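Here's the structure we're looking at; comments come further down.
All figures in this text were calculated on a predicted structure; none of them were measured in a lab. Numbering starts at 1 and runs along the sequence shown.
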Amino acid sequence: MRRVLRSALPALLCAVLMTLSVSCSVQTDHPAKTEAADSGHGGTDTEKETDKVTETVTEIFPPDITEKTDYTTDTWVAVDIDFETDKAYGDKEQLYVFTDVIFTHRESGKKLVIPAFWRGGATFTVRFAPTEYGVWDYVTSCGTDASLDGKTGTVAANAYKGPLEIYRRGFVKTNGSKHFVYDDGTPFFYLGDTHWSMLTEEYDSAGLGAARTGAKSHFRYIVDKRVEQGFTVYESEPIGTKADLTDGSLSSADAAAFNDNDRYYRYIAEKGLVHANAEFFFAGSMNERVMNDEKYLEAICRYWVARYSAYPVMWTLGQEIDNDFYRERGDQTIYDYSNNPWVKIAEYLHKYDAYGHPLSGHQENAIYTTASGSGTTVRDADNGGRSAFYADDVSAATGHNWWAVQWQPELASQINDAVPKDYYASGKVAINYESRYCNLWTKDYGARAQSWIAMLSGFAGVGYGAADIWLYNSTYNMDEPSNDGLETVTVADKAMVWGRSVELESAYQQGYMRKFFEGFDWWELTPDFNDGSRFDGKVSSRKRSYYVCASIGNDLYAVYLYSKNKASGTVCGMDGDAVYEAKWFDPRTGEYAVIGDIKADKTDKNGAPAWSAPDRPEELDYVLLLKKK
């Protein structure tokens with residue numbers, strides 16, 4: 001029996017013991033689909049067996065707080081506290097009523113300064129997520145409205161005892177490593193699903209394209225399904241919001257629209273997902289009036305942070321705004337990388353975010369922009385293809401601490417490593433945030449392969465997207481076929497509605513991939529960038545495999561083989577005295593096939609111990625996994 005004591009809790013507290021049964025499983029097929037799912041590939045009446053290991057875990061929690069307080073919540077779970085002004089304001093003035101609420105933990109003395117937001121009418125609200133167990137005292141501060149100043153109260157924060165990791169371990173952050181971690185330091189696996197027009201997805205009805213899902217809510221159905229499939233992040237843009245912030249003001253109608261939008265943000269949080277969200281409006285709607293009004297920019301940044309920072313979020317600013325929303329091809333003409341208004345927006349978000357959520361800028365396609373510019377291929381790309389956030393002083397001022405990358409790796413040849421090498425060298429967390437969407441620019445194979453390629457090329461997570469989900473009711477690039485180098489996506493393929501695309505095999509396969517990596521210390525992996533130090537895909541002068549390989553020293557090797565043949569290759573740089581357990585992992589089903597115990601049987605080109613791997617079971621993509629025993 002393993003005993004877990006949260007570090008923030010006093011060891012000598014009279015504790016409540018809670019015993020949990022934790023099932024750690026490798027699911028070998030997605031749950032049985034009914035005919036109602038109408039997934040296009042037929043349902044199944046049975047599920048394949050799942051290997052499960054059950055561990056009894058006893059966690060020690062302090063008792064719930066009995067002191068009478070004004071509000072009660074759990075650690076990391078947001079609570080809303082309303083304040084009423086007795087001052088009359090003209091519409092659109094309330095945005096500039098800056099009210100802060102200072103929360104102080106009674107025992108540790110920790111302080112969090114959280115801005116309040118105007119909810120509408122005479123109501124201002126602070127949304128607070130306590131980061132420590134215990135009683136928090138608060139006091140308001142407003143220099144322009146006496147009726148909002150000096151208000152006091154208390155919040156009891158009981159220990160969260162539910163099943164959601166984001167509240168058990170705390171909000172996600174960076175810690176100087178190449179991967180995200182929860183607040184308690186546990187590595188966080190980023191697996192995102194794309195919803196650029198999330199706010200147009202019907203909340204209270206199935207809407208269009210539900211097929212035969214039986215959904216009561218378009219939006220909530222997909223959230224629930226993605227949780228089931230193993231996703232950990234929702235990626236959204238505010239395309240479709242009824243709050244118009246492009247006119248340089250916040251009206252009563254805008255505040256009401258935000259109240260409606262809050263349902264979406266709250267539901268994502270309630271389901272335990274991290275919400276990687278862009279701010280305000282579609283990036284192409286930025287205009288000179290807004291970008292040149294720094295007072296307004298600061299106020300709406302403060303407002304956005306006040307609304308959403310008490311939820312588990314990441315900030316991504318705007319769609320493809322790094323380094324300048326394709327100025328060189330004419331998508332916008334009012335700024336370049338040197339006066340990019342989204343950099344200033346990042347500074348303000350960072351200034352007001354007391355929780356220090358991860359912050360990035362959604363990048364242009366990697367042919368235009370990478371971290372340092374290395375790997376870009378567009379001639380005369382602005383700033384040499386270098387990110388607007390690349391300089392250390394810009395990163396420090398904005399809090400920029402991860403890369404939201406847009407990279408489409410080759411599928412029909414050995415990948416070019418220039419792009420992932422550039423991000424790996426930067427020192428920041430890198431996520432392949434956007435790649436080809438399934439049934440728009442690729443099919444299940446490509447959607448699966450690009451995720452594996454990214455994960456074994458130094459990225460710490462990936463984003464996934466599917467037809468009619470990445471952009472609901474989209475007309476973008478829908479009237480002509482696309483080809484990913486291997487397969488053609490027809491116009492008919494692209495017309496797939498969300499009620500069917502939510503069940504695409506590649507969505508489930510993202511979850512299988514996550515389970516594979518979580519079976520070992522994936523954050524310790526180092527990519528070999530095809531230098532032959534850990535794997536060589538050349539089998540003979542006429543036979544080779546396309547591959548990506550990452551390893552943990554010579555203790556563990558993970559090799560994704562994606563050429564359309566059965567070739568594998570040579571595992572290199574092994575421990576010549578060790579025995580390794582070798583397995584095949586099928587990324588389509590999540591199943592393992594045991595090869596057996598093996599030892600080095602040859603030397604590689606550098607004279608190090610090596611092993612000739614057998615051919616793959618089929619002419620399909622497979623993962624070779626070696627673990628030192």
Side-chain angles (χ1 to χ4, degrees), residues 194 196 235 237 278 282-286 291 316-343 346 360-391 394-395 398 400 402-426 428 430-437 440-442 446 449-451 453-454 457-459 462-463 465 470-471 476-477 480-486 489 529-530 548:
T194 305
W196 294 157
E235 300 175 346
E237 305 274 350
F282 174 60
S285 300
M286 178 61 74
M291 69 175 280
T316 59
L317 303 183
Q319 187 166 356
E320 294 162 279
I321 54 81
D322 186 15
N323 63 16
D324 57 14
F325 195 61
Y326 302 113
R327 187 200 63 83
E328 59 269 80
R329 74 182 192 190
D331 287 29
Q332 62 82 22
T333 59
I334 62 175
Y335 63 87
D336 63 18
Y337 69 91
S338 65
N339 67 333
N340 189 328
W342 297 95
V343 174
S360 187
H362 183 179
Q363 292 196 287
E364 299 170 333
N365 191 294
I367 66 174
Y368 286 89
T369 300
T370 59
S372 74
S374 179
T376 57
T377 58
V378 170
R379 183 176 297 178
D380 300 324
D382 281 358
N383 199 28
R386 184 178 295 114
S387 166
F389 297 90
Y390 184 71
V394 176
S395 292
T398 60
H400 184 283
W402 66 284
W403 300 109
V405 183
Q406 187 180 168
W407 178 51
Q408 291 87 41
E410 296 87 347
L411 300 174
S413 63
Q414 185 64 41
I415 67 165
N416 182 334
D417 289 309
V419 169
K421 277 184 177 178
D422 187 57
Y423 288 104
Y424 198 74
S426 77
K428 293 181 182 179
I431 302 297
N432 200 22
Y433 187 69
E434 182 180 13
S435 197
R436 302 175 186 90
Y437 300 133
L440 182 68
W441 295 316
T442 193
Q450 65 195 12
S451 292
I453 290 169
S457 295
F459 289 93
V462 296
W470 78 275
L471 189 67
Y476 182 74
N477 199 214
E480 60 184 9
S482 301
N483 189 281
D484 62 7
L486 285 175
V489 186
F529 293 122
N530 305 326
V548 280

Before giving the answer on side-chain contact (heavy atoms from CB on, under 4.5 Å), spell out for Leu317 and Phe389 the whole-Å C-alpha distance, their side-chain angles and the decisive distance to 0.1 Å. CA-CA 12 Å; Leu317 303 183; Phe389 297 90; 3.6 Å; yes
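- If you take CH2 on Trp407 and CG on Asp422, they are separated by 12.0 Å, rounding to the nearest 0.5 Å.
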| request: Decide side-chain contact (heavy atoms from CB on, under 4.5 Å) for Asp324 and Glu364; before the verdict, give the C-alpha distance in whole Å, the side-chain angles of both, and the deciding distance to 0.1 Å. | output: CA-CA 8 Å; Asp324 57 14; Glu364 299 170 333; 3.3 Å; yes
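- Of all non-hydrogen atoms in Ala388 and Tyr337, the two that sit nearest each other are CB-O, 4.1 Å.
- Rounding to the nearest 0.5 angstrom, the gap separating the OG atom in Ser360 from the CH2 atom in Trp403 is 7.5 Å.
- Nearest heavy-atom pair across Gly375 and Val419 is O-CG2, 3.8 Å.
- Stacking of Lys428 on the aromatic ring of Trp402 is not recorded, the 6.0 Å distance cut-off and the 45° axial limit not both being met.
- Ile453 CD1 to Leu411 CG: the interatomic distance, rounded to the nearest 0.5 Å, is 5.5 Å.
- Classified by interplanar angle (parallel below 30°, tilted 30° to 60°, perpendicular above 60°), the ring pair Phe459/Tyr423 is tilted.
- Closest non-hydrogen pair, Glu237 versus Ala278, comes out as OE1-CB, 3.1 Å.
- The distance from atom OG1 of Thr376 to atom CG of Asp382, rounded to the nearest 0.5 Å, is 11.0 Å.
- Here Thr316 contributes atom OG1 and Ile431 contributes atom CD1; the two are 12.5 Å apart, rounded to the nearest 0.5 Å.
- Under the 3.5 Å distance criterion, with hydrogens and angles disregarded, a donor-acceptor pair is assigned to the side chains of Ser387 and Asp322.
- If you check the side chains of Ser435 and Gln408, you find no donor sitting under 3.5 Å from an acceptor.
- Side-chain contact between Tyr437 and Thr442: absent, with no pair of heavy atoms (C-beta onward) separated by less than 4.5 Å.
- With a 4.5 Å cut-off on side-chain heavy atoms, Arg386 and Asn323 do not count as touching.
- For Tyr335 and Phe325, the distance between ring centers is not under 6.0 angstrom.
- Using a 4.5 Å heavy-atom threshold, the side chains of Leu440 and Val489 count as separate.
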key: Intermediate values then yes/no, side-chain contact (heavy atoms from CB on, under 4.5 Å), Trp196 and Glu434   = CA-CA 11 Å; Trp196 294 157; Glu434 182 180 13; 3.8 Å; yes
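- Test Arg327, Gln406, Glu320, Glu328 against Tyr368 for side chain to side chain contact (heavy atoms under 4.5 Å, CB included) and you get one pass: Glu328.
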Show the numbers, then the answer: is there a side-chain hydrogen bond (donor to acceptor under 3.5 Å, both in side chains) between Asp417 and Asn530? CA-CA 8 Å; Asp417 289 309; Asn530 305 326; 2.6 Å; yes
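- Judged by distance alone, with hydrogens and angles left aside, the side-chain atoms of Tyr424 form no donor-acceptor pair with the main-chain N or O of Phe529 at under 3.5 Å.
- The shortest heavy-atom contact between Asp336 and Ser338 is OD1-OG, 2.5 Å.
- Here the closest heavy-atom approach between residue Ala454 and residue Val462 is recorded as CB-CG1, 3.8 Å.
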Evaluation steps, side-chain contact (heavy atoms from CB on, under 4.5 Å), between Gln363 and Tyr433
CA-CA 9 Å; Gln363 292 196 287; Tyr433 187 69; over 6 Å; no
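- Annotation for Gln450 and Arg436: closest pair NE2-O, 2.8 Å, computed over non-hydrogen atoms.
- Relative ring orientation between Trp441 and Trp470 is described as tilted, the plane-to-plane angle lying within the 30° to 60° band.
- Summarising the geometry, atom CG belonging to Asn340 is positioned 7.5 Å from atom CD belonging to Gln332; distances are rounded to the nearest 0.5 Å.
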